[in-house]
Amino acid sequence: MKKFCAIVLFALATAAHAECYMRSSINLRLANTGPKDIQRLVTPDARGQKCVMRYRIHVDQDWQTAEGIGYGATESEACSQAIDSHRAYALVEIVPERIRADNQMVCSDLPEIRVHPVRIGDVIWQSEVDMHTIPAERKDFWYKRSRCRMFVERDGRNQNLTVNQGIICALDSRADSKWRVIDKY
Amino acid sequence: MKLLAVLVAASLAGCASYPYTPAPTLSYSDLANIKVSSKNCGNVDAITADLEEQLRRKHILGVNPEDLSEADREYNSRARVIVWSLRIGCNNPDRYKS
């Protein structure tokens, strides 16, 4: 029983640790999109409120995670500062040889978003799937009164690179809505 | 009882007058030869229903591509491309205008 408890405690301790990233200063004017899949973390601060906004932006052919921090007397003031692109930092490397960057380690409890294989019916952030390789196909479209868009998914199993396409649709009209995978083919 | 028998006979007679003819099964090359354009926008639902019936017959409607054989994946992909080309193009006429 003691051994079992020790294993459970170790597992919990391992699972509870925060994700850590290198924070790099970058020029977000290179981005193809505005901030998507925005997550916010607001905490009290000596100056009032501190707001950490983490979001996804599409740069070149890939989604990247960015973060901005704002301070203000109110939550809305702090968060409007945090979403300002001039205050943004990338949390992963973007073409390192082309960018002069100041790096620092940051850790966060906000859920990590990254591109991964999805299945029909999954509910996801839109930046969990790649944008279409053809820029003209990246635009949102309307289907049954829902905002939808196409995505691509690279499947490299069995030594054959297959590219699947699919459709995701926003669950509601909010800018930070999650999306459902309604088709993949 | 007599009324029921008459109704059944009448309904069967009706069926006999309008025999159901299933749509032909399409091969992959049949699908590959299907060309759609904005002229088909009035029939999006009917075309979609026909293509989904083809997928249903092969038991691959709504199946994720990674769960399909290579042949079925290609067949499904071709059918879905036609369906979504019509759905997207017909409902969003300004999408491809520069």
Side-chain angles (χ1 to χ4, degrees), chain A residues 32-34 58 114-124 126 128-173 177 179-185, chain B residues 26-32 34 36-38 40-98:
Chain A
N32 301 321
T33 66
H58 197 257
R114 61 172 53 180
V115 173
H116 63 89
V118 297
R119 294 179 67 81
I120 296 169
D122 285 355
V123 174
I124 59 170
Q126 64 171 304
E128 287 181 86
V129 287
D130 269 327
M131 279 197 162
H132 205 284
T133 47
I134 302 169
E137 300 289 9
R138 291 178 183 167
K139 288 189 244 175
D140 290 353
F141 63 87
W142 291 93
Y143 172 63
K144 291 187 176 177
R145 297 184 178 180
S146 293
R147 186 163 49 99
C148 304
R149 75 171 174 81
M150 299 175 78
F151 69 89
V152 293
E153 184 179 281
R154 296 168 184 85
D155 180 359
R157 292 174 305 161
N158 305 325
Q159 298 180 329
N160 292 322
L161 178 62
T162 305
V163 179
N164 296 318
Q165 296 186 81
I167 310 290
I168 53 173
C169 294
L171 296 184
D172 56 57
S173 58
S177 168
W179 298 60
R180 186 183 302 280
V181 180
I182 64 165
D183 205 355
K184 194 173 108 171
Y185 48 92
Chain B
L26 300 178
S27 66
Y28 177 80
S29 59
D30 292 331
L31 284 184
I34 293 177
V36 290
S37 69
S38 56
N40 301 107
C41 285
N43 297 316
V44 174
D45 290 342
I47 295 170
T48 298
D50 283 349
L51 289 173
E52 291 191 339
E53 174 58 23
Q54 299 290 328
L55 299 178
R56 194 174 288 112
R57 284 181 196 175
K58 294 169 79 72
H59 307 289
I60 61 173
L61 179 61
V63 178
N64 284 285
E66 55 268 35
D67 299 334
L68 297 174
S69 67
E70 185 61 19
D72 282 346
R73 194 188 65 75
E74 288 178 358
Y75 189 96
N76 178 59
S77 175
R78 180 62 199 157
R80 305 310 290 171
V81 164
I82 296 169
V83 166
W84 282 107
S85 297
L86 286 170
R87 284 176 175 167
I88 296 173
C90 295
N91 288 318
N92 304 265
D94 295 332
R95 180 177 171 82
Y96 299 108
K97 288 180 183 171
S98 56

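Just so it is clear: chains get the letters A, B, ... in the order the sequence lines come, proteins before strands, and each one is counted from 1.
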- Message: Any side-chain to backbone donor/acceptor pair from B/Asn92 onto A/Trp142? Under 3.5 Å, distance only.
- Response: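 Such a contact is found between B/Asn92 side chain and A/Trp142 backbone.
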- Query: B/Asn64 side chain to A/Lys184 main-chain N or O, any donor-acceptor pair under 3.5 Å?
  - Reply: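 The answer is no, because no donor-acceptor pair under 3.5 Å joins these two groups.
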- Item | Among A/Val181, A/Asp155, A/Asp140, A/Asn164, residue most engaged with chain B (heavy-atom pairs, under 4.5 Å) |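 Highest number of pairs under 4.5 Å: A/Asn164.
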- Message: Heavy-atom cut-off 4.5 Å, strictly under: side chain, backbone, both or neither for A/Val118 against chain B?
- Response: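 It is the backbone, since no side chain atom gets that close.
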- Task: Output the distance between atom CD1 (A/Ile167) and atom CH2 (B/Trp84), rounded to the nearest 0.5 Å.
- Result: 5.0 Å
- Query: Got a second to check how far B/Glu66's CD is from A/Thr162's OG1, nearest 0.5 Å?
  - Reply: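 Answer rounded to 0.5 Å: 10.0 Å.
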- For chain A, which residues from residues 71-81 of chain B lie under 4.5 Å away (heavy-atom distances)?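 The list, in residue order, reads B/Arg73, B/Asn76, B/Ser77, B/Arg80, B/Val81.
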- Item | Full working for side-chain contact (heavy atoms from CB on, under 4.5 Å) between B/Ile88 and A/Met150 | CA-CA 10 Å; B/Ile88 296 173; A/Met150 299 175 78; 4.0 Å; yes
- Task: Search all heavy atoms of B/Gly62 against all heavy atoms of A/Ile120 and return the closest pair with its distance.
- Result: O-CD1, 3.6 Å
- Query: Would you call B/Asp67 and A/Arg119 a side-chain contact if the rule is heavy atoms closer than 4.5 Å?
  - Reply: yes
